Amino acid sequence: MKENEVITSKCKNCGSELWYNPKQGCLTCKYCDSNYFLPQQNDDAVLVRQYDDSFHPNKLNRTLNAYQCNNCGNKYYMTSEGVSKKCPNCGSSSCSLVEDAGLCADGIIPFKISKDQAAKKFAEYLKGKVSVPRALKKSAKNQELMGVYIPVWNFTFNISGTYSATATSLQKDSDGSFYSVPKPVFGEKYKRIKSHDHSASNAQDDIFLELFDENDYAGLIPYVPEYTYGYRVESIDKNIHDYYYKITKDAEAELEKEMKQSVLKKYKEVSDVSVEAMVDDVFFNFAYVPVYVNAFTHKNKLYKTFISGTTGKVIGKSPITAGRIFKTLAEAVAVLGIVGLLIYLFCR
């Protein structure tokens with residue numbers, strides 16, 4: 001393995017496909033196991049951007065082949081030509097190569113655990129679930145997982161607010177009786193909102209984001225295509241500006257609600273309450289996060305399980321099979337019956 005040599009998607013020794021090997025942190029040939037160092041990182045690469053309404057993902061050179069699923073219509077990208085083209089959304093193998101330059105993110109969190117390690121985590125996750133179909137447990141045993149890079153936006157921003165109101169305070173006159181006096185009150189509140197994540201792919205909802213935290217984002221590096229060799233890359237097809245508008249308006253509304261409640265709780269009688277919040281200093285990461293996906297169809301319904309490609313944490317929903325529940329209960333009852341019989345015989 002030579003440092004600083006030019007990397008392609010083909011092995012220089014045998015011409016076979018290369019894939020990113022999480023265990024070795026390098027590119028490995030699928031046929032002869034030759035290893036290659038990855039390119040050096042660009043220190044000037046953008047990892048954090050300040051938001052502006054003119055931003056659009058930059059189109060890079062076509063480094064990934066684009067595929068479209070003939071079953072669900074999902075579009076995804078990958079480099080390897082000799083591996084399964086299963087769709088990371090529905091698991092279908094019926095996919096077609098399409099012409100598309102694609103959009104790429106600024107950064108990437110590389111896979112740290114291998115497919116076999118993820119499969120073990122998946123099997124452990126299913127082990128305690130007695131009601132899931134056998135076929136799902138078999139798929140875990142057979143490592144029917146797909147390594148996928150999913151694009152996400154990770155936002156941080158400041159939000160500040162001011163409030164004003166007329167409060168009623170009670171004062172005592174010379175004869176000891178109380179009377180009401182209007183009093184103007186003012187105040188402000190400030191927050192720093194961190195890690196407001198969202199999937200940039202229509203194929204995946206936000207459930208997988210629970211797998212990642214600030215420790216994972218600390219491993220964010222500038223995007224280079226070599227880290228995607230052997231994996232699928234979900235397309236970037238959501239509008240970042242629509243999402244920015246939603247999260248900032250929601251944050252402003254929440255802060256205004258908090259300020260209003262604070263005023264009403266502090267003073268017994270309040271009128272003419274006015275609150276206003278504003279977002280500024282918005283920054284975001286635009287990156288790929290590594291996920292192993294199991295797409296399992298049961299009774300024409302799709303169930304997806306996500307395994308973190310950095311820690312092995314598992315999240316998702318599994319189908320429940322009534323027959324398995326009844327069988328497990330019957331087995332438990334049978335065991336209890338045998339135990340009861342043995343106790344009876346020994347205690348006679």
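Computed from a predicted structure; not experimentally measured.
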Hey, quick one: are [X] and [Y] part of the same hydrophobic cluster, counting side-chain heavy atoms closer than 4.5 Å, chains of contacts allowed?
X      : Y      : answer
Tyr76  : Leu97  : yes
Val291 : Leu302 : no
Leu264 : Val275 : yes

- Message: Please check if the number of heavy atoms outside Tyr31 that lie under 6.0 Å from its OH is greater than 12.
- Response: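 No, OH of Tyr31 has 12 or fewer neighbouring heavy atoms, counting only those of other groups under 6.0 Å.
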
- Query: Quick check: are there more than 12 heavy atoms from other residues, nucleotides or ligands sitting under 6.0 Å from NZ of Lys191?
  - Reply: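 Result for NZ/Lys191: enclosed.
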
- Task: Verify the ring-centre separation between Tyr223 and Tyr288: is it less than 6.0 angstrom?
- Result: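 Yes: the rings meet the under 6.0 Å criterion.
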
Any chance you could measure [X], atom [atom1], to [Y], atom [atom2], to the nearest 0.5 Å?
X      : Y      : atom1 : atom2 : answer
Ile159 : Glu254 : CD1   : CD    : 9.0 Å
Tyr231 : Tyr20  : OH    : OH    : 7.5 Å
Ser34  : Lys12  : OG    : NZ    : 11.5 Å
Gln117 : Leu145 : CD    : CG    : 12.0 Å
Arg49  : Phe286 : CZ    : CZ    : 8.5 Å
Lys121 : Thr311 : NZ    : OG1   : 8.0 Å

Please check if any side-chain donor atom of [X] sits under 3.5 Å from a side-chain acceptor atom of [Y], or the reverse.
X      : Y      : result
Gln204 : Lys304 : yes
Tyr190 : Asn158 : yes
Ser96  : Asn70  : yes
Thr305 : Asn294 : no
His196 : Tyr244 : no

Quick test of your reading of the model: are [X] and [Y] salt-bridged, counting only N-O distances below 4.0 Å?
X      : Y      : value
Lys75  : Asp237 : no
Glu124 : Lys127 : no
Asp250 : Lys246 : yes

Any side-chain heavy-atom pair of [X] and [Y] under 4.5 Å:
X      : Y      : result
Val152 : Asp197 : no
Asn154 : Phe284 : no
Glu258 : Leu255 : yes
Cys32  : Cys11  : yes
Glu256 : Tyr163 : no
Leu27  : Asn21  : no
Asn13  : Tyr36  : yes
Thr166 : Pro182 : yes

- Query: Would you call the rings of Phe122 and Tyr125 parallel, tilted or perpendicular if under 30° counts as parallel and over 60° as perpendicular?
  - Reply: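 If you compare the ring of Phe122 with that of Tyr125, the planes turn out parallel.
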
- salt bridge (charged side-chain N to carboxylate O under 4.0 Å, His left out) evaluation trace for Lys249 with Glu252: CA-CA 5 Å; Lys249 291 304 177 186; Glu252 289 172 356; 3.6 Å; yes

For a quick test of reading the model, state the closest non-hydrogen atom pair linking [X] to [Y] and the distance between them.
X      : Y      : answer
Pro22  : Tyr292 : CG-OH, 4.4 Å
Gly230 : Trp19  : CA-CB, 4.1 Å
Lys238 : Trp153 : O-CH2, 3.4 Å
Ile307 : Gly312 : CG2-O, 3.7 Å
Phe212 : Ser308 : CE2-OG, 3.8 Å
Thr156 : Ser195 : CG2-N, 3.6 Å

- Message: Please determine whether side-chain contact (heavy atoms from CB on, under 4.5 Å) holds for the pair Phe186 and Ser164, giving the CA-CA distance in whole Å, both sets of side-chain angles, and the decisive distance to 0.1 Å.
- Response: CA-CA 4 Å; Phe186 306 92; Ser164 63; 3.7 Å; yes

- Item | From CA spacing to verdict: side-chain contact (heavy atoms from CB on, under 4.5 Å), Cys72, Cys87 | CA-CA 9 Å; Cys72 70; Cys87 171; 3.7 Å; yes

Main chain of [Y], side chain of [X]: is a donor-acceptor contact present, judged purely on distance under 3.5 Å?
X      : Y      : answer
His241 : Phe55  : yes
Thr248 : Tyr245 : yes
Gln68  : Gly73  : yes
Asn285 : Ala287 : no
Arg232 : Lys86  : yes
Lys120 : Lys115 : no

- Might you work through the side-chain contact (heavy atoms from CB on, under 4.5 Å) test for Thr28 and Glu17, ending with a clear yes or no? CA-CA 8 Å; Thr28 300; Glu17 298 286 337; over 6 Å; no

- Message: Checking ring-ring contact (aromatic ring centres under 6.0 Å, His included) between Tyr149 and each of Tyr77, Tyr227, Phe111, which is the one that passes?
- Response: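 Looking at Tyr77, Tyr227, Phe111, the match for Tyr149 under the ring-ring contact (aromatic ring centres under 6.0 Å, His included) is Phe111.
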
- Task: Test side chain to side chain donor-acceptor pair (under 3.5 Å) on Thr310 and Asp216 and set out the steps.
- Result: CA-CA 7 Å; Thr310 60; Asp216 295 297; 2.6 Å; yes

- Message: Would Ile315 and Ile207 count as a side-chain contact (heavy atoms from CB on, under 4.5 Å) here? Give the steps.
- Response: CA-CA 8 Å; Ile315 195 169; Ile207 185 174; 4.0 Å; yes

- Item | Asp206/Ser199 under side chain to side chain donor-acceptor pair (under 3.5 Å): CA gap, chis, key distance, verdict | CA-CA 6 Å; Asp206 287 349; Ser199 169; 4.6 Å; no

